[in-house]
Amino acid sequence: MNWDLFEGLLSGVNKYSTAFGRIWLSLVFIFRLLVYVVAAERVWSDDHKDFDCNTRQPGCTNVCFDHFFPVSHIRLWALQLILVTCPSLLVIMHVAYREAKEQRHRAAGGDNGRCLYPNPGKKHGGLWWTYMLSLVFKAGVDMVFLYIFYHLYRNYTLPRLVKCELSPCPNMVDCFISRPTEKNIFTLFMVVTTCICILLSLIEAAYLIGKRCREHILAGSRDSQD
């Protein structure tokens, strides 16, 4: 992984975010991404290998594992982190587009050197909408994945024992999950941090909407005074 590029992306996202956005960024990349990379992957590395069923029937263990764990937590979290961070990169791309447009405008000497975007990173016009849509998308992605996890793993917990009677199992067999307590702790941690990220995104969206309404009210009052 190119950490210099990664650091540049983080600094760019942090530069154009509000205070709530910076807290969200810290929560995602410190508590969710690092926990995923450093600890969670290792915890789930033996989920299939150490999934034991009290039968020697060929194929029974694989069928039962696929039934109770259709998608791995790790793969779902990886997809979730990818989708939830993409909107922030779109904001950086929008700012970069503004800066490039401003440079071309200055090079052409249009409008006697008048700036198109005095502050390309200021959230006005199209950039405001891009930023708002990114907040809605991030909160929506996290909500969808919370529902997926709840649907696949009821109450976000893994039982110590599951009973399986799918073919080709000869009868109802008992299957035991590897390290269920440790996995439940990490799952609960990821669920809690996801809920906090959703709350931060909604608060930031409400803050930006309130700020925009306040600016319009003040502008209207100044126009009426003039």
Side-chain angles (χ1 to χ4, degrees), residues 1 6 9-10 13 17 20-55 60-89 134-166 169 172-205:
M1 183 175 184
F6 184 70
L9 291 174
L10 286 182
V13 174
S17 299
F20 298 107
R22 295 186 184 99
I23 297 174
W24 178 91
L25 187 67
S26 301
L27 199 63
V28 168
F29 285 97
I30 296 177
F31 290 96
R32 291 172 66 176
L33 181 61
L34 290 183
V35 167
Y36 170 84
V37 172
V38 174
E41 278 191 309
R42 297 181 181 179
V43 173
W44 265 267
S45 62
D46 59 354
D47 54 350
H48 190 201
K49 180 181 66 175
D50 294 339
F51 182 79
D52 294 327
C53 297
N54 59 352
T55 181
C60 178
T61 300
N62 288 335
V63 169
C64 293
F65 181 84
D66 182 70
H67 176 73
F68 289 104
F69 304 98
V71 184
S72 171
H73 287 66
I74 291 299
R75 291 176 178 84
L76 281 175
W77 281 329
L79 181 60
Q80 180 182 6
L81 288 171
I82 291 172
L83 292 177
V84 86
T85 52
C86 283
S88 298
L89 301 181
S134 72
L135 294 177
V136 173
F137 185 82
K138 289 187 292 188
V141 166
D142 278 337
M143 289 178 183
V144 168
F145 275 89
L146 282 180
Y147 172 78
I148 291 174
F149 273 106
Y150 183 83
H151 180 72
L152 294 178
Y153 308 103
R154 189 65 59 182
N155 296 325
Y156 306 109
T157 57
L158 297 175
R160 298 177 183 274
L161 168 68
V162 294
K163 294 183 177 293
C164 179
E165 53 181 350
L166 300 172
C169 298
M172 182 173 289
V173 299
D174 295 334
C175 297
F176 302 90
I177 300 172
S178 170
R179 298 189 285 185
T181 302
E182 189 174 9
K183 290 177 180 177
N184 285 332
I185 291 173
F186 276 100
T187 301
L188 181 62
F189 177 84
M190 296 296 277
V191 168
V192 171
T193 53
T194 299
C195 292
I196 296 175
C197 286
I198 293 173
L199 183 61
L200 286 172
S201 295
L202 296 178
I203 291 175
E204 187 175 11

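Note that the structure is predicted; figures quoted are calculated from it, not measured.
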I'd like to check [X] versus [Y] (side-chain heavy atoms, cut-off strictly below 4.5 Å). Are they in contact?
| X | Y | answer |
| --- | --- | --- |
| V173 | K163 | no |
| I82 | C86 | yes |
| C164 | V162 | no |
| F189 | T193 | yes |
| F69 | I177 | yes |

Distance check, rounded to the nearest 0.5 Å: [X] atom [atom1] versus [Y] atom [atom2]?
| X | Y | atom1 | atom2 | answer |
| --- | --- | --- | --- | --- |
| L25 | L200 | CG | CG | 11.0 Å |
| L202 | F20 | CG | CZ | 12.0 Å |
| M172 | N54 | CE | CG | 11.5 Å |
| Y147 | L152 | OH | CG | 9.5 Å |
| Q80 | T85 | CD | OG1 | 10.5 Å |
| W24 | E204 | CH2 | CD | 9.0 Å |

I need the minimum non-hydrogen distance between [X] and [Y], along with the two atoms involved.
| X | Y | result |
| --- | --- | --- |
| T55 | C60 | CG2-SG, 3.7 Å |
| F145 | L76 | CE2-O, 3.5 Å |
| L146 | T194 | CG-CG2, 3.9 Å |
| C53 | T61 | CB-OG1, 3.8 Å |
| L135 | S201 | O-CB, 4.0 Å |
| D52 | K49 | OD1-O, 4.4 Å |

Tell me if the centroids of the rings in Y36 and W44 come within less than 6.0 Å of each other.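 Ring centroids of Y36 and W44 are no less than 6.0 Å from each other.
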Assess the pair H73 and Y153: is the distance between their ring centroids shorter than 6.0 Å?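 So the answer is yes for these two rings.
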Could you check D66 against N62 for side-chain contact (heavy atoms from CB on, under 4.5 Å), going step by step and ending with a plain yes or no? CA-CA 6 Å; D66 182 70; N62 288 335; over 6 Å; no
Has F31 got more than 12 heavy atoms of other residues, nucleotides or ligands less than 6.0 Å from its CZ?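 Counting neighbours around CZ of F31, 12 or fewer heavy atoms of other residues, nucleotides or ligands fall under 6.0 Å, so no.
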So, [X] side chain and [Y] main chain: donor-acceptor pair closer than 3.5 Å or not?
| X | Y | value |
| --- | --- | --- |
| R179 | V43 | yes |
| N184 | L158 | yes |
| D142 | I198 | no |

With sequence neighbours excluded, residues passing side chain to side chain donor-acceptor pair (under 3.5 Å) with R75: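 For R75, no residue satisfies side chain to side chain donor-acceptor pair (under 3.5 Å) once neighbours in sequence are set aside.
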Looking at C64 and C169, are the sulfur gammas closer than 2.5 Å to each other?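 A disulfide is absent here, as the SG pair of C169 and C64 is separated by 2.5 Å or more.
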